[in-house]
Amino acid sequence: IENINSGSSSKNLWLELKMIGMRLKYWIPFLLNQMGSVVYVWTLQTSNIIVAVPVANSLTFAFTALTGYCLGEKIPGKNVIIGSLLVCLGSSAMLYDQASRDSSST
């Protein structure tokens, strides 16, 4: 964080916007987050909401642990890894069940 003080509030605003606009360390995570939001909304529109919402909410835990590790946080503990695997297994079971119901109804 840089302390910007030019004496004028409008000039400070412009300098702060310019500083944020030129930083890839800000924009890359922001754009990844926005792409995730677009995929989430698209999935809700094209999927059965009874399955899509629990799967998306439960996978948030696993993706948060994975992203934290990729960004340099300490290696997740055994409980986090086991929890992430169980979440992925449960989500896979829900998706498999929904796919088998869809194929049997057609």
Side-chain angles (χ1 to χ4, degrees):
I1 298 175
E2 294 181 19
N3 191 7
I4 297 175
N5 190 6
S6 67
S8 167
S9 62
S10 60
K11 189 171 182 179
N12 279 350
L13 177 64
W14 170 250
L15 291 173
E16 288 175 4
L17 290 173
K18 183 179 171 186
M19 178 188 64
I20 289 173
M22 297 176 70
R23 294 196 179 210
L24 283 178
K25 288 183 179 182
Y26 171 80
W27 285 104
I28 291 173
F30 176 76
L31 292 174
L32 284 172
N33 183 310
Q34 295 305 307
M35 287 190 301
S37 297
V38 168
V39 169
Y40 178 72
V41 169
W42 176 78
T43 303
L44 288 178
Q45 291 177 345
T46 59
S47 300
N48 185 348
I49 198 161
I50 294 172
V51 175
V53 172
V55 168
N57 288 338
S58 63
L59 288 178
T60 300
F61 172 73
F63 281 111
T64 300
L66 179 65
T67 303
Y69 174 70
C70 291
L71 292 175
E73 292 182 3
K74 66 178 184 168
I75 296 175
K78 180 175 68 170
N79 291 339
V80 172
I81 292 172
I82 291 170
S84 296
L85 290 174
L86 289 173
V87 163
C88 290
L89 181 65
S91 297
S92 298
M94 287 184 70
L95 292 172
Y96 176 76
D97 180 58
Q98 185 62 38
S100 66
R101 287 182 190 197
D102 289 344
S103 66
S104 67
S105 66
T106 56

Notebook entry, point to check: Can you hop from Y96 to L89 via hydrophobic side chains spaced under 4.5 Å?
Noted result: no
Item checked: Atom pair CD1/CG of I81 and L86 - distance to nearest 0.5 Å -> 12.0 Å
Next item on the list: Please check if the side chain of S100 supplies one atom and the backbone of D97 the other of a donor-acceptor pair under 3.5 Å.
Entry: yes
Check: Would V39 and F30 show up in the same hydrophobic cluster when neighbours are defined by side-chain heavy atoms closer than 4.5 Å?
Finding: no
Next item on the list: Take V38 and Q34, measure what side chain to side chain contact (heavy atoms under 4.5 Å, CB included) needs, and give me the verdict at the end.
Entry: CA-CA 6 Å; V38 168; Q34 295 305 307; 5.6 Å; no
Next item on the list: Step through the shown structure and confirm whether more than 12 heavy atoms of other residues, nucleotides or ligands are within 6.0 Å of CD on E73.
Entry: no
Check: Are L66 and L85 co-members of a hydrophobic cluster defined by side-chain heavy atoms under 4.5 Å apart?
Finding: no
